[in-house]
Engineer: 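First the structure, which I've put down as structure tokens, then a few questions once you've had a look.
Since the model is a prediction, treat every value here as computed from it, not as a measurement. Naming convention: chains lettered A, B, ... in sequence-line order (proteins, then strands); numbering from 1 in each chain. Note: hydrogens, waters and symmetry copies are ignored here, and every other heavy atom, side chains too, is used.
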Amino acid sequence: MTTMEWEAGARTAPRTVTGLGTAGLRGLRRPGLLLAIATLALVLGFAIAPGLFTAHDPLIGTAREALQAPSAAHWFGTDATGRDLFSRVVHGAVHSLGAAAIAVAVGLVAGTTIGLLAGSIGGLADSALMRLVDVLLSVPALLLALSVIILLGFGTTNAAIAVGVTSVATFARVSRAEVMRVRRTDYVEAAFGSGGTFLAVLRRHVLPNSLNAVIALAALQFGAAILAISTLGFLGYGAPPPTPEWGLLIAEGRTYVGTAWWLTTLPGLLVVAVVLSANRISQEISKGANR
Amino acid sequence: MTGRAVLSRLGQALLVIALAFTGAFVLLQALPGDAMLIKFENPDLGLSQAEIEAIRAAYGADTPIWQAYLHTLAGFLVGDFGYSIQNGTAVGGLIAEVLPQTALLAVLGFTTAVLLAVLIAFTATWARNPWLRNLLAALPSVFISVPVFWLAMVLIQVFSFQLGLIKVIGGGPVESLVLPVLTLAVPISAPLAQILVRSIEDVQRQPFVAVVRAKGASRWWVLTRNVARNALVPTLTIAGVLLGELIAGAVVTETVFGRAGIGRLTEQAVANQDVAVLQAIVVLAAVVFVVANLLVDLISPLIDPRLKKTVRTA
Amino acid sequence: MTITETRPGADTGAADRPVLDVRDLVVSYESRHRRTEVVHGVSFTIKPGEVVALVGESGSGKSTTAQAIIGLLAENGRLEAGGITLGETELTGLTDKAMRDIRGRRIGLVPQDPNNSLNPVKTIGESLAEVLRVHRWGSKPAIRQRVLELLEHVGLDDPELRAGQYPHELSGGMKQRVLIASAIALDPEVIIADEPTSALDVTVQRRILDLIDGLRVEHNSAVLLVTHDLGVARERADRIVVMRHGRIVEAGRTTEVIANPREEYTATLLAEAAAVAAEVPPPRPVPKPTAEPPIRVSSLVQEFDTGRGRAPFRAVDQVSMTVAEGTTHAIVGESGSGKTSTVRALLGFHRPTSGLVKIAGLDVGALKTRKQVRELRRRAQLVLQNPYSSLDPRQRIADILAEPLLNYRLADRAGRRTLVTEYLDRVALPADTAQKLPRELSGGQRQRVAIARALIVQPRVVVLDEPVSALDVTVQAQILRLLTELQDELGLTYLFISHDLGVVGRISDTVSVMRRGRVVEAGWTHEVFTHPSTDYTRELLAAIPGRSTAPATTQGA
């Protein structure tokens, strides 16, 4: 119709076209997003080259320096055996981030495959696959992860796979919904009208236009996976001590909650910062999808 | 919903529970093969081959898998959940013993979560100050990014050690519930608040809201008498999903606070590879989830008449 | 033309003081930290009992002006300068509380789209009672009584039943009546009607406008009619204010503006409205008959399953038509008439239940393989209604146009590039459009791209599904002209689907009028317009804004 709708239309009325060239400028206007990217880049650095960030040994401590509060020498303080906590956090990044990456990969590959098949084939295959997804969803994520761990055994990789299994259903649902949404659009109908075959339309229109939402979900799940893996680590089903995996690290500080606050608080804050950053980036990606 | 639709929805719910049971059985009891065998063949136990055989027979370990499946299924149908591999007591009894404590925690936690979410969402969408709005709207995403076990420890640190408000051990029954309930509520309130904020904003953008404003209604009138009910259905749907997550939340909360309950039972079952207990809990969780969502589906048409399948003829 | 100098209710004397006085209104919106002025100094007045039409295309600022008057600008909007006086009250600078007292009680609003303007979870009665309750009008039983009266007053049958129903159980026209009842419930001095009929079927539009007009006379209220349609304005308004780009380009008494437009823009708008409203489209030359007509449909039936155990829904019932080479056949009907289902069956999107469909030499019902269906779609192309959604937002225009060529392997890389440039030129788009994304183009430009995409495979038949109804009036005219030119150049056969008889009159040689799945009337467009044989067609013709009366008297039914 020709007029703007009340309220809704006017918001976007004087909209300026933004090309890709202004992406950098947009980033500058959003300090939150920049901070999120910087945080992820930093912990990625921790994982790839921990030696650049700390000179302390994460596994061997000096007994004299046990349970010291944060200082210039030990930024995050030291633990009960005198190990430098900051060094442990830095060296733990590779375990936590690596496990989260495995988890997201498992969920992404399995879930998206199911979702794409269900969404593009439809009919009976769709119903069957979606019932399967319903069942996966009906079991709380943590319980599902624990069941998988019982089957596979304890350890970082197994915990990561278990967490990945819990996100299969979400990936399947989102990718299916996206495929269904794109399939209903006029431009897909137009593409069939232009003589496109099923596979050509799927490849040229449905996949590229559904991808954004799936990538956004992957970023979101990366944050969620870090949380879930740290929870499994905390419960003792993940990496064995003395691995400095973040969840385990926090669990070790549990005994000293009353006396050495930094042992739990500081690694926990880092986890919060990383998860928040992943979520912020996810939000940005899905915003891009709707532009 | 028509009678037929209700029946079909009911059948769907039963199917999901049945599939969840089957999945749990396959994952926990069929695939691991002889987890039990490994346990009892441990030479430290000093059991003779004959004794092992007897135990195996008692647990039905040598029966074919389909027979074991039917046997377990028949048991579950009449409320017999088998025996704990760890200590041989009936799983049903173990669960019944701790269920009330977890149920209390869950009900209180969920109620707190809903109140918290509504408070956040209403203030975030009603406040005029953009600074306050943004702050409140960002709160749920912070809540969602916090590891639950860490939150519990920080709460203990702040309220028990720093402020000395709540005793760590030896507090009264009410006092000892405060922190666990908060721990359980915060992560559940976050997605609830998020969906509520988004639904309220979606509804507020609909043309009918401008029409109500044009009648002279205040923003508060619009929010409470027009928007809230419209925003309820999507929120209810998410609430149904989150109800199932309560059991998972209980695992962490009960472990950190050292409370007995379903969560603690789960944690111990995993540590001891007690598949019989875990299977019962998984099925229990699935039942809670499915029933909650069934209720949501049945209630939704009462809130939003458009969801009714039957169209009254004009 | 039957515009009368004086209209009932409006002739109470020029001495009357205006009830609404808008002076030098300036409104801006903030978007991405930038403030853009969208209304630049708009002034007009309305007297009691008078209808003033605010006419303009999208982006002209007419809706923003209306929103500013009622104090409901979007959150990012701001009144920068100017004054709005209602009776004795100055509205600018009023507190929110004081403004709330004005809204609903002294200014009533009839919104644009009745389908989204009622709270879906409230009954009609509750929604209607709301305006009374907000302003603390009377007791509960009194409100209930008043609601029933109001429903009856706006012409709804069985008010008791309607009051208990929910919006989704009512038709669009009924909902608009409810909203009108709500707007007039407290007898306001001013009624703002923002495109009150643009979301409704044509035959309903006229009745709703009549209702508003009747209530205006009865209550002597002033009406601000916001519309994109000069035809509607000329028929209904005492005075017309034409807006463009946030400014008033012309204002004056309707008769004077119509007879003597001072600005070229008004003249263009008028010419377009006049062409749409042409009493009788000029007869077109009869085409040479060809051996095999490109479109031949006989006794087409299309049914859809409605669920187990229920009778299938018959969307298309015994439809027949033949279209000669190089001509345009139009299918006209309101929503639910079955015109879209007919088109989809014709293009093989779903298999006809029964009947014969031959398109460009192919028997559509007998198509078996996907390859055959694709061949059908090469010979018969489809242009969709909404150019904003029919182009993939991620593809450049060059890729969009090259896609059909790739699908049918019609050209190599170099050949594709040449053809893309050629067809952009054919639809009068500059060559650099090829490198743009859809969002960088206007609605009209996008529709040109969609047309080029359809033509690039050199089809014999082009099916146009409401190709101009999402566009502004002046753009509509350009697209229709383009289509005619292309038809003459390339010898195309068009099947043109529309709800708008005015548009159909300008482009088609022959026409079928559909209603509830059946063709109720068919023939030469010229004939159907001059001698409609059914009441329904007469009603459709009468509903074209700006046409005086249907030529119903010339012919017995």
Engineer: CG of L278(B) to CG of L151(A): how many Å apart, nearest 0.5 Å?
Structural biologist: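 That separation rounds to 11.5 Å.
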
Engineer: Provide the closest heavy-atom pair for L276(A) versus S141(B) in the form atom of the first, atom of the second, distance.
Structural biologist: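 Heavy atoms of L276(A) and S141(B) come nearest at CD2-O, 3.5 Å.
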
Engineer: When only pairs under 4.5 Å are counted, which of L151(B), V270(B), L19(B) shares the most heavy-atom pairs with chain A?
Structural biologist: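 Sorted descending by pairs with chain A, the first entry is V270(B).
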
Engineer: For L142(A), which of V148(B), V251(B), I247(B) qualifies under side chain to side chain contact (heavy atoms under 4.5 Å, CB included)?
Structural biologist: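 The passing option is V251(B).
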
Engineer: Within the supplied structure, the quantity of interest is the number of heavy atoms (other residues, nucleotides, ligands) at a distance under 6.0 Å from L124(A) CG; does it exceed 12?
Structural biologist: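 Not buried by this count: 12 neighbours or fewer within 6.0 Å.
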
Engineer: Could you tell me which portion of Q279(B) (side chain, backbone, both or neither) has an atom closer than 4.5 angstrom to a non-hydrogen atom of chain A?
Structural biologist: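 When you check distances to chain A, no heavy atom of Q279(B) falls under 4.5 Å.
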
Engineer: Answer with side chain, backbone, both or neither: which region of V142(B) has an atom nearer than 4.5 Å to a non-hydrogen atom of chain A?
Structural biologist: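 Interface part for V142(B): both.
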
Engineer: Between V148(A), D134(A), V135(A), L144(A), which has the largest tally of heavy atom pairs under 4.5 Å with chain B?
Structural biologist: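 So the answer, after comparing V148(A), D134(A), V135(A), L144(A), is V135(A).
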
Engineer: Please step through side chain to side chain contact (heavy atoms under 4.5 Å, CB included) for the pair T266(B) and L143(A), ending with a clear verdict.
Structural biologist: CA-CA 8 Å; T266(B) 311; L143(A) 281 187; 3.4 Å; yes

Engineer: Do the non-hydrogen side-chain atoms of M153(B) and F234(A) ever get within less than 4.5 Å of each other?
Structural biologist: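 Yes. Closest side-chain heavy atoms under 4.5 Å.
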
Engineer: Which answer fits A269(B), side chain, backbone, both or neither, if we ask what part of it has an atom under 4.5 Å from a heavy atom of chain A?
Structural biologist: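 Backbone of A269(B) only, per the 4.5 Å heavy-atom cut-off to chain A.
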
Engineer: Which residue out of L246(B), V209(B), L15(B), V16(B) racks up the most heavy-atom pairs below 4.5 Å with chain A?
Structural biologist: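 Most heavy-atom pairs under 4.5 Å with chain A: V16(B).
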
Engineer: Could you check whether atom CZ of R259(B) has more than 12 heavy atoms from other residues, nucleotides or ligands sitting under 6.0 Å from it?
Structural biologist: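 Yes, enclosed.
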
Engineer: Out of L146(A), L132(A), V139(A), return the one with the most heavy atom pairs under 4.5 angstrom to chain B.
Structural biologist: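 Greatest number of close heavy-atom pairs with chain B: L146(A).
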
Engineer: Going through the checks in order, is the side chain to side chain contact (heavy atoms under 4.5 Å, CB included) test met by T231(A) and V252(B)?
Structural biologist: CA-CA 8 Å; T231(A) 303; V252(B) 174; 3.6 Å; yes

Engineer: Is it true that atom CZ of R264(B) has more than 12 heavy atoms of other residues, nucleotides or ligands lying nearer than 6.0 Å?
Structural biologist: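 Atom CZ in R264(B) is crowded, with more than 12 foreign heavy atoms closer than 6.0 Å.
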
Engineer: Could you tell me if the side chain of F161(B) sits less than 4.5 Å from the side chain of T259(A), heavy atoms only?
Structural biologist: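 The answer is no; the side chains never approach within 4.5 Å.
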
Engineer: By a 4.5 Å heavy-atom criterion (distance strictly below it), what part of L152(A) contacts chain B: side chain, backbone, both, or neither?
Structural biologist: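 Neither; nothing under 4.5 Å.
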
Engineer: What part of N279(A) is in contact with chain B, defined as an atom under 4.5 angstrom from a non-hydrogen atom: side chain, backbone, both or neither?
Structural biologist: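 Looking at N279(A), just its side chain touches chain B.
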
Engineer: I need the residue from L269(A), L136(A), I149(A) with the largest number of non-hydrogen atom pairs under 4.5 Å to chain B.
Structural biologist: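 Top count of heavy-atom pairs under 4.5 Å with chain B: L269(A).
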
Engineer: Less than 4.5 Å apart, side chain to side chain, heavy atoms only: is that true for V241(B) and L137(A)?
Structural biologist: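 V241(B) does not reach L137(A) side chain to side chain.
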
Engineer: Could you go through the side chain to side chain contact (heavy atoms under 4.5 Å, CB included) check for S230(A) and F149(B) one step at a time?
Structural biologist: CA-CA 9 Å; S230(A) 70; F149(B) 59 94; 3.5 Å; yes

Engineer: How would you list all residue pairs meeting salt bridge (charged side-chain N to carboxylate O under 4.0 Å, His left out) that involve residues 254-282 of chain A, not counting sequence neighbours?
Structural biologist: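 Sorted result for residues 254-282 of chain A: R280(A)-E284(A).
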
Engineer: Verify, without hydrogens or angle tests, whether W261(A) (side chain) and Q157(B) (backbone) share a donor-acceptor contact under 3.5 angstrom.
Structural biologist: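 No, the answer is negative, given that no donor and acceptor are paired below the 3.5 Å cut-off.
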
Engineer: Could you check if a side-chain atom of P147(B) sits within less than 4.5 angstrom of a side-chain atom of V275(A), using non-hydrogen atoms only?
Structural biologist: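 Not in contact.
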
